[in-house]
Amino acid sequence: MTSTGIRLHAPAPGWNIAADVVVVGSGVAGLTTALRCEAAGLRTVVVTKARLDDGSTRWAQGGIAAALGEGDTPEQHLDDTLVAGAGLCDEEAVRILVTEGPDAVRRLIATGAHFDESEAGDLELTREGGHHRRRIAHAGGDATGAEISRALVEAVRARGLRTIENALVLDLLTDADGRTAGVTLHVMGEGQHDGVGAVHAPAVVLATGGMGQVFSATTNPSVSTGDGVALALRAGAEVSDLEFVQFHPTVLFLGPDAEGQQPLVSEAVRGEGAHLVDADGVRFMAGRHELAELAPRDIVAKGIMRRMQEQDAEHMFLDARHFGADMWENRFPTILAACRAHGIDPVHEPIPIAPAAHYASGGVRTDDHGRTTVPGLYACGEVACTGVHGANRLASNSLLEGLVYAERIAADIGASQVANGLHARVPAPFEHPEKPAHPLLAPEARFAIQRTMSRGAGVLRSAGSLATAADALQRLHSDARDALDENGKTAEPGVDTWEATNLLCVARVLVAAARLRQETRGCHWREDHAERDDTAWRRHIVVRLNPDRTLAVHTTDTADFPPTRQYRQPHQEQ
Ligand code: SIN
């Protein structure tokens, strides 16, 4: 194990807490892990960046995919997932997802989540892109994430779990042997736990969600700034597949300069029969794929972008006028309200839509138990790269991944801590004397990064656009590094500067991987390499951060992913 041991420039911790496990993030992955750890008797602390229900999960509309319907099987769900993943899924990881998924959903229901049911009391299932069957369970029509979040937050409160809100995680603490010893974090609170502090624990679970804020327009909330991936890189962990950013095809178009979180128009709207049409009312997806509007998401996003290019248009339209007012009001109340809030009435007019950044298919590389390459550090949910999504996540597989792998992680932590007497041990963090600080970016850099990424590394990429993006990012990086190395100067530590610094870190890795992958596959679209190249590129791009803050990039064969299927944890030393 090599520990890069770079840390963000930050004040020393002014307060300390001890636990058996600290879970960072409060979406479906984080809260499920926390509930299962607590049930296993582990002292569990949940740390979350805003309020408990402010993460990405709350915004999920379509639902959660699992083979729960009559006649459906995990094998069929596996097939659809592998097709969407475009040759880069880890089949074993997918098999775990689809076989353990149905029971994980039943346990979520037992925890208190209410899904929509038919009059006969069966789960109502819908379809989304890439699924050959109706297998998406949903809640409140199009408010699935909000219902899951409500149920899990209530369970966490009922169980009396210790939670720390408004807390930005900064860095991993390690002991003298490079094992996880907790995290440092900054809390915007009052009283006892305010400012920079530390939670000491031998196991840390990153469930920090995505990095959509690295682009100007995204469906992700403002907290999705890649903090978990950046922390993992600084801690010496490997990240993989970061070039595969999924752009959701149908995001409400609010103008060419719209920035930040944009309203999603769920794929389930197409699942229930809405059509994509151009400005002339022509259905342009028919004939491009056997599933037309319900082709895998990357194909639909590309179809929309192509038509926009052909027509020199800023957006396309989603036409669901034929649903009528009742169906809109009952099945898609959230989307109806969002459209109306922006002056569009989908009952009477087509909805203007365009693709926007939605989901990171890659992330911190893990094995089948959520273990990263750093002992004691786990990753779960969007921040992780379990191998389930490959080059393109199948719609509504992400909530399921969060559930299934959370349970595996909790089981692994419980087993290892009890077996090895780590339970109740407070690890002693070790400050490596040479541990370099990472220079900080000024808060305004966030917007420069977002524009750079949207222009150069968005839906359409080329060698030229990516080189321009890489140069701009390198300038930001070098300026901050030189100011620190030569003059000891860095931007004032604070939430905005730490977030901007994390965004730059993940943007650099994403662009480096996208430049290297000279082919078009899944949601990575190179205009200068339009074809999929299975001879050269049925491989994963894996990145680590060197101690001098440069990137160490290598590729691995799909068969080596994860390399040994099991990262060795400290308790398993042989
Ligand atoms: C949607 O409802 O279209 C989003 C579902 C997902 O991203 O899995």
Side-chain angles (χ1 to χ4, degrees), residues 27-29 55-66 77 80-81 84-85 94 97-98 101 105 115-116 124-131 134-149 209-212 218-221 224 244-252 261-274 276 285 291 293-301 304 318 320 331-339 346 351 353-363 381-382 388-390 392-404 522-523:
V28 64
S56 290
T57 293
R58 176 155 75 89
W59 298 96
Q61 294 180 349
I64 183 160
H77 189 185
D80 286 345
T81 304
V94 180
L97 177 86
V98 297
V105 174
F115 286 88
D116 296 335
E124 256 182 16
L125 301 171
T126 189
R127 270 184 78 189
E128 289 185 14
H131 292 273
R134 286 188 166 258
R135 67 165 69 96
I136 321 291
H138 48 85
D142 57 2
T144 313
E147 170 57 15
I148 291 175
S149 188
M211 56 176 77
T218 173
T219 59
N220 291 191
S224 299
F244 296 115
V245 178
Q246 186 170 79
F247 287 79
H248 196 289
T250 54
V251 177
L252 186 58
Q261 187 179 12
Q262 311 291 307
L264 179 66
V265 183
S266 175
E267 212 159 85
V269 179
R270 276 173 280 138
E272 298 295 347
L276 283 165
M285 280 309 294
L291 294 172
E293 279 93 349
L294 284 175
R297 206 167 268 180
D298 59 313
I299 292 167
V300 180
I304 292 172
L318 187 66
R331 180 66 181 84
F332 298 113
T334 313
I335 299 167
L336 182 65
C339 288
I351 307 167
I353 51 86
H358 182 57
Y359 192 87
S361 296
E382 188 171 353
V388 153
H389 306 308
N392 180 39
R393 177 184 63 102
L394 183 66
S396 286
N397 266 356
S398 44
L399 293 173
L400 190 70
E401 186 195 31
L403 275 185
V404 166
C523 47

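All residue numbers in this chain count up from 1 along the given sequence. Read the numbers this way: they start at 1 and go in the same order the structure lists the ligands and their atoms. All values below were derived from every heavy atom in this structure, side-chain atoms included, with hydrogens, water molecules and symmetry-related copies excluded.
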Working for side chain to side chain contact (heavy atoms under 4.5 Å, CB included), residues L403 and I64: CA-CA 10 Å; L403 275 185; I64 183 160; 3.7 Å; yes

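Ligand 1 has no N or O atom lying under 3.5 Å from any N or O atom of Q61, backbone or side chain. Distances between N or O atoms of L264 and those of ligand 1 include no value under 3.5 Å. Note: no N/O pair closer than 3.5 Å links S398 and ligand 1 by distance alone. Ligand 1 has no nitrogen or oxygen under 3.5 angstrom from a nitrogen or oxygen of N397.
Two residues are said to be in side-chain contact when any heavy atoms from C-beta on lie closer than 4.5 Å; T219 and Y359 fail this criterion. Between Q246 and D298 there is no side-chain heavy-atom pair separated by less than 4.5 Å.
Scanning the protein for heavy atoms near atom 2 (O) of ligand 1, the closest one is S266 OG, 2.6 Å. In terms of protein heavy atoms, atom 4 (C) of ligand 1 is closest to R297 NH2, 3.6 Å.
To the nearest 0.5 Å, atoms CG (L276) and CG (L294) are separated by 9.0 Å. Atom CZ in R331 sits 7.0 Å away from atom OG in S266 (nearest 0.5 Å).
With ligand atoms numbered from 1 in the order given, ligand 1 contributes 4 (C), 6 (C), 7 (O) to contacts under 4.0 Å with heavy atoms of H358. Within ligand 1, counting atoms from 1 as listed, the ones closer than 4.0 Å to a heavy atom of E267 are 1 (C), 2 (O), 3 (O). Which parts of ligand 1 touch A395 is read off a 4.0 Å heavy-atom cut-off, strictly below it: atoms 8 (O). Of all atoms in ligand 1, listed by their number and element, those nearer than 4.0 Å to a heavy atom of S396 are 5 (C), 6 (C), 8 (O). Ligand-side atoms of ligand 1 in range of R393: 6 (C), 7 (O), 8 (O), range being under 4.0 angstrom from any heavy atom. Near H248, with a cut-off below 4.0 Å to any heavy atom, the atoms of ligand 1 are 1 (C), 3 (O), 4 (C). Proximity to E128 (heavy-atom distance under 4.0 Å) selects the following atoms of ligand 1: 5 (C).
Scored by the salt bridge (charged side-chain N to carboxylate O under 4.0 Å, His left out) test, D80 finds R135 as partners (sequence neighbours excluded). In terms of the salt bridge (charged side-chain N to carboxylate O under 4.0 Å, His left out) criterion, D142 has no residue partners (sequence neighbours excluded).
Using cut-offs of 30° and 60° on the angle between ring planes, the pair H131 and H77 is tilted.
Not a single heavy atom of Q246 lies less than 4.0 angstrom from ligand 1.
Of the options E293, M285, R127, a side chain to side chain contact (heavy atoms under 4.5 Å, CB included) to R270 is made by E293 and by none of the others.
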